Amino acid sequence: MDNRVIDFLKSKSISIIDEDISTKLRVWEQWYKGKVDGFHDYKVYQGKREQKRERLSLNMPQRVCQDWADLLLNEKVEINADDEKTQAALDRVLSQVNFYVRGNNLLERSFAFGSGFFIQYYDGEKTNQKYITQDFLYPITYDSGALTEAAFASSKIIGGREYTYIETHTRDEHGFYVIDNFICTLKRNKLIEVGSDFYEQYNIQQKLETGRTEPCFQQIRPNVANKDNFNSPFGTSIFNGAIDCFKACDTVFDAYYKEFKLGQKRLFVKDGVTTFNFDEEGKKVPVFDPNDEVFYSMPDDDNSKAIEESNMQLRVDELDKGLQTQLNLISQSCGFGSNGYKWDNGNVTTATQIISENSKMFRTVKKHEILLNNALIAMAKSLLYFEKQFGGHSEINENSEITINFDDSIIEDTAEIKRQALTDYTAGIISKTEYFRQVYKLNDAQALDFARKMAEELEAEGNMSSYEEKPELEE
């Protein structure tokens, strides 16, 4: 947290929750980027002095976060409204804010940094949405496991100059949310708000009274407990408890590389052999390329061969097994089960055939979906609010029911679900509406409406067929 932002908020009579997680954020960021100070950059004492070394990284923290983002928020996830016009508006605005690309990116980084936020606003021309991680968060009120009031601070370029942009989302005495925007400059290491004419010049709204009891920001995070502070408003990285596993994995991976580097074939040759040729002036010159790593020149010794071969045996199988063991531990620590990753011919692959049968994986996915489901519903309603109030789309029904249909094709056998549902319907065990619920993941209202429309269409087709057949009957 930036103390200058905290001091500015205090000047506006806003107190934030006093918890600094900057050290954790730095550690999580370094692991996410695959280069950790003191581990991937280290020193080795060689008897006379220390020499710098660099440890290779398999970059599994980023891979873990990418895989979780692809599992939970991909292009197959559907956000549905039970009203056709509202659905059309929602689809349009989701495309407008580039949700399926930016949302997936944010979820990946949120699982790395512990938390992220969707923030809805109207930019003066259209409904828009910000995607930020919790390193920009200044929590104000946290209640029953939910962040209810918050401030966000970031840098913003306006008119070619950099400013500090601070927005606060707080509730008034009636429980309605008010959004305040502050543009600040830095003077003598202190944030000073710009004048009112600056806001007018750049068409920046200073205050918005939403009239809503729901915030215009939503927090997304891994559904894991914060072991350091159970009541913390900050989320915890998905790999917070797996850092030792990452260290072991990168140690083995680095040893794998060094095994081939140090164990490659070498030829030890005597000086007399290496300087067999002569240049134009009659001086001895090396026979072999001095940059060639295969040849090593040794002092002349009558008791040794002129050329000796060193061909060390590589411990590939042992390292393969060791690396697979570490991948199993990472997979288990990050919620994928014990066999989520496979070391296969020098590549880390996702063991999809195991994921589909992995009950632990299924439970973990469903657990993360609980928080994500609530956030996506609230996000959709907030986007619709801005689209209706400021975009002029009066056809939007803000009371429309929003449902989320997650992509469970990786962990569910969708073909088997359809087959079983059809068997049950044919046998009269379930209704047509229940069939639509199971197969198409519709809610009660949507399934009933879909069944009604199907019946109407079939009846219309039947009437049309009988009408077309009448002339033939008359003939």
Side-chain angles (χ1 to χ4, degrees), residues 1-17 93 96-97 116-132 134-143 146-187 190-219 233 375 378-394 396 398:
M1 289 187 180
D2 191 333
N3 288 327
R4 295 168 298 189
V5 174
I6 296 174
D7 291 339
F8 177 82
L9 291 173
K10 286 181 178 179
S11 72
K12 299 296 181 180
S13 300
I14 298 175
S15 298
I16 68 167
I17 298 174
V93 76
Q96 185 171 284
V97 300
F117 293 88
F118 301 123
I119 305 176
Q120 299 76 43
Y121 67 104
Y122 193 77
D123 63 10
E125 297 180 357
K126 63 184 183 303
T127 300
N128 214 330
Q129 182 162 261
K130 301 171 189 173
Y131 305 85
I132 65 172
Q134 70 176 357
D135 43 329
F136 298 103
L137 166 67
Y138 293 80
I140 299 173
T141 306
Y142 184 72
D143 183 37
L147 188 64
T148 54
E149 294 179 305
F152 303 94
S154 59
S155 296
K156 190 177 183 70
I157 304 297
I158 304 175
R161 289 187 58 189
E162 184 177 1
Y163 296 86
T164 298
Y165 169 59
I166 302 173
E167 61 179 298
T168 63
H169 297 248
T170 57
R171 289 183 291 192
D172 62 18
E173 63 274 15
H174 303 293
F176 297 118
Y177 275 90
V178 178
I179 302 173
D180 289 290
N181 298 307
F182 306 100
I183 307 297
C184 302
T185 58
L186 186 62
K187 293 182 180 179
K190 185 177 181 180
L191 291 176
I192 306 297
E193 186 179 5
V194 299
S196 57
D197 55 338
F198 184 92
Y199 293 98
E200 295 177 5
Q201 179 182 356
Y202 291 101
N203 193 27
I204 299 173
Q205 188 175 16
Q206 290 181 262
K207 182 185 289 290
L208 172 62
E209 296 180 354
T210 67
R212 303 178 73 233
T213 56
E214 296 296 326
C216 295
F217 68 88
Q218 300 80 39
Q219 184 180 31
M379 179 200 72
K381 290 183 176 181
S382 183
L383 287 171
L384 290 171
Y385 158 78
F386 280 100
E387 190 73 354
K388 182 176 182 178
Q389 298 298 323
F390 300 95
H393 294 277
S394 58
I396 293 175
E398 291 188 62

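Positions are given from 1, in the same order as the sequence printed here. Since the structure is predicted, the reported quantities are computational estimates derived from the model, not experimental observations.
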Minimum heavy-atom distance between F8 and L191, given as atom pair plus value = CD1-O, 3.9 Å
In Å and rounded to the nearest 0.5 Å, what is the CD1 to CG distance from I166 to L9?
-> 5.5 Å
Nearest heavy atoms of S15 and I140, plus distance in Å | O-CG2, 3.7 Å
Counting N and O atoms only, with roles assigned by atom type, does the side chain of E398 sit under 3.5 Å from a partner on the main chain of S382, one being a donor and the other an acceptor?
-> no
How are the rings of H174 and F176 set relative to one another: parallel (under 30°), tilted (30 to 60°) or perpendicular (over 60°)?
-> tilted
State whether the side chain of Y385 and the backbone N or O of C216 hold a donor-acceptor pair below 3.5 Å, judged by distance alone.
-> no
Give the C-alpha distance, both sets of side-chain angles, the deciding distance and a yes or no for salt bridge (charged side-chain N to carboxylate O under 4.0 Å, His left out) between K156 and E167.
-> CA-CA 12 Å; K156 190 177 183 70; E167 61 179 298; over 6 Å; no
Test item: T164 side-chain N/O and S155 main-chain N/O as donor-acceptor pair under 3.5 Å | no
Would you give the length of the straight line joining atom OH of Y202 to atom CD1 of I183, rounded to the nearest 0.5 angstrom?
-> 11.0 Å
Flag for N128-Y122: side-chain donor and acceptor within less than 3.5 Å | no
Just do the side chain to side chain contact (heavy atoms under 4.5 Å, CB included) check on F182 and T168 with the steps written out, would you?
-> CA-CA 9 Å; F182 306 100; T168 63; 4.0 Å; yes
Between E149 (side chain) and R171 (backbone), is there a donor-acceptor pair under 3.5 Å?
-> yes
Can you tell me if T141 uses its side chain to pair, donor with acceptor, with the backbone of T148 under 3.5 Å?
-> no
Heavy-atom donor-acceptor pair, Q96 side chain to T127 backbone, under 3.5 Å = yes
Would you check if K381 and R212 make a side-chain contact, meaning some heavy-atom pair closer than 4.5 Å?
-> yes
Report the distance from atom CD of Q129 to atom CG of D123, rounding to the nearest 0.5 Å.
-> 12.5 Å
Does the side chain of E193 come under 3.5 Å of the side chain of Y163 through a donor N or O and an acceptor N or O?
-> no
Locate the shortest heavy-atom distance separating M1 from L137; write the atom from each residue and the value.
-> CE-O, 4.0 Å
Hey, mind stepping through F117 and L147 against side chain to side chain contact (heavy atoms under 4.5 Å, CB included) and telling me if it holds?
-> CA-CA 11 Å; F117 293 88; L147 188 64; 3.7 Å; yes
What do the steps show when you test Q120 against K130 for side chain to side chain contact (heavy atoms under 4.5 Å, CB included), and what is the final call?
-> CA-CA 6 Å; Q120 299 76 43; K130 301 171 189 173; over 6 Å; no
Backbone of L208 reached by a side-chain donor or acceptor of Y177 within 3.5 Å = no
Mark yes or no for whether Y165, through its side chain, and I157, through its backbone, hold a donor-acceptor pair below 3.5 Å.
-> no
Heavy-atom side-chain proximity of H169 to F152 below 4.5 angstrom = yes
Could you walk me through whether V97 and F118 pass side chain to side chain contact (heavy atoms under 4.5 Å, CB included), step by step?
-> CA-CA 11 Å; V97 300; F118 301 123; over 6 Å; no
Taking all atoms of both residues into account, what is the closest heavy-atom pair of Y121 and I119, and its distance?
-> CD2-O, 3.8 Å
Without swapping roles, check the side chain of Q205 against the backbone of K207 for a donor-acceptor pair under 3.5 Å.
-> yes
Quick one: CD on Q389 to CZ on F386, what's the gap to the nearest 0.5 Å?
-> 9.5 Å
Find the distance between CG (N181) and CD1 (I204) and round it off to the nearest 0.5 Å.
-> 8.0 Å
Interatomic distance, CG@N3 vs NZ@K190, rounded to 0.5 Å, equals 14.0 Å
